Novice: 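I have a structure here, written as structure tokens, and I will follow up with some questions on it.
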Amino acid sequence: MDRKPPEQMIIAESESDGDEVEIPAAPTCKAFYRRYNDDEKEKLFFLVYEKGMSVRSAALQLQIKPRTAQYWVRQDLKNPTDQIMRNVASGLPRERPPKLVEEHQAFLVGLIDEKPSLVLWEIMSSLTEKFADLSIQKTALYNFMTEKCRISLKRAHFQAAERNNP
């Protein structure tokens, strides 16, 4: 028996007359998951609660899978909270406040103006010295310096001393 990928047709010979019969292979497709934004959920709840439409007809009108819409409405009936807002225990809030603010930016600009030859780890150590409660990674500091402060960091290239020079 030949091993063929499942998307190809499997050819089998019928025993009685020797003709080849094509048997389609079983489809191997993964489920397609769609993310719905808050606006679509809001429209669904408006149509169901305010306009009095059935969940299925409102979902079909908005091109949402009916089963998904039924789940949302059932969850809203069990726990009548705002379905669109994120739960407190569901992870980070949508707009997490930045760790580095204007005060840090002013300090960094002043530090670079004083000593322009500092490298990233030295900048990071002086920043954490000045602000003791701050903990940040090097990549976050680099991104903040290049994007917000508009400071470009150059690598120091050392020149080798001339050899064989008495």
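Being a predicted model, the structure only gives us computed values, none of them experimental. One-based numbering along the sequence shown.
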Novice: Check for a donor-acceptor pair, side chain of Glu40 on one end and backbone N or O of Asn37 on the other, with a separation under 3.5 Å.
Specialist: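 Checking the backbone N and O of Asn37 against the side chain of Glu40, a donor-acceptor pair under 3.5 Å is found.
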Novice: Let me confirm one number: the CD1-CG distance from Ile64 to Leu44, rounded to the nearest 0.5 Å.
Specialist: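 Rounded to the nearest 0.5 Å, the CD1-CG separation comes out at 5.0 Å.
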Novice: Rounded to the nearest 0.5 Å, how far does CG of Asp113 lie from CG of Leu108?
Specialist: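 The distance works out to 11.0 Å.
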Novice: Is it true that Leu47 and Leu60 fall in one hydrophobic cluster, defined by side-chain heavy atoms closer than 4.5 Å?
Specialist: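 As far as the 4.5 Å side-chain criterion goes, Leu60 and Leu47 are not connected within one cluster.
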Novice: Is the side chain of Gln105 donor-acceptor paired with the backbone N or O of Lys148 at a distance under 3.5 Å, no angle test?
Specialist: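 Yes, Gln105 side chain to Lys148 backbone: donor-acceptor pair under 3.5 Å.
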Novice: Are more than 12 heavy atoms, taken from residues, nucleotides or ligands other than Tyr49, located less than 6.0 Å from that residue's OH atom?
Specialist: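 Check passes, neighbour count above 12.
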Novice: Assess the residue pair Tyr36 and Leu62 against the criterion (side chain to side chain contact (heavy atoms under 4.5 Å, CB included)); give the C-alpha distance rounded to whole Å, side-chain angles, the decisive distance to 0.1 Å, and a yes or no.
Specialist: CA-CA 11 Å; Tyr36 299 99; Leu62 296 173; over 6 Å; no
Novice: Are Leu111 and Lys130 close enough, and set up right, to give a side chain to side chain contact (heavy atoms under 4.5 Å, CB included), and what steps lead you there?
Specialist: CA-CA 11 Å; Leu111 184 68; Lys130 172 83 171 158; over 6 Å; no
Novice: Is there a path of hydrophobic side-chain contacts, each under 4.5 Å between heavy atoms of I/L/V/M/F/W/Y residues, joining Leu120 to Leu134?
Specialist: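 Per the 4.5 Å side-chain linkage, Leu134 and Leu120 are co-clustered.
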Novice: Testing the basics here: between Ala59 and Pro66, what is the closest heavy-atom pair and its distance to 0.1 Å?
Specialist: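 The pair with the smallest heavy-atom distance is CB-CA, 3.9 Å.
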Novice: Rounded to the nearest 0.5 Å, what's the gap from NZ on Lys99 to CG on Asp133? Could you check?
Specialist: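 It is 10.5 Å, given to the nearest 0.5 Å.
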Novice: State whether the number of non-hydrogen atoms from other residues, nucleotides or ligands found under 6.0 Å of Arg56 atom CZ is greater than 12.
Specialist: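 No - once you tally the heavy atoms of other residues, nucleotides and ligands closer than 6.0 Å, there are 12 at most.
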Novice: I'd like to know if the side chain of Glu122 reaches the main chain of Val119, judged simply by a donor and an acceptor atom lying under 3.5 Å from each other, with no hydrogens or angles considered.
Specialist: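 Here the side-chain-to-backbone pair exists.
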Novice: Could you tell me if the side chain of Arg34 sits less than 4.5 Å from the side chain of Thr68, heavy atoms only?
Specialist: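 No, too far: nothing below the 4.5 Å cut-off.
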Novice: Run the numbers on His104 and Val101 for side chain to side chain contact (heavy atoms under 4.5 Å, CB included), then give the verdict.
Specialist: CA-CA 5 Å; His104 300 113; Val101 291; 3.5 Å; yes
Novice: Quick check: do Asp76 and Val48 have side-chain heavy atoms less than 4.5 Å from each other?
Specialist: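 Asp76 does not reach Val48 side chain to side chain.
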Novice: Measuring from Leu100:CG to Phe131:CZ, what's the distance to the nearest 0.5 Å?
Specialist: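 Rounded to the nearest 0.5 Å, the CG-CZ separation comes out at 9.0 Å.
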Novice: To the nearest 0.5 Å, what is the distance between OG (Ser126) and CG (Leu118)?
Specialist: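 One finds 6.5 Å between OG of Ser126 and CG of Leu118.
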Novice: Is a side-chain N or O of Lys138 found less than 3.5 angstrom from the main chain of Trp121, in a donor-acceptor match?
Specialist: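 Checking the backbone N and O of Trp121 against the side chain of Lys138, no donor-acceptor pair under 3.5 Å is found.
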Novice: Could you grab the distance from atom CZ of Phe46 to atom CG of Asp39, nearest 0.5 Å is fine?
Specialist: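 So the gap between those two atoms works out to 12.0 Å.
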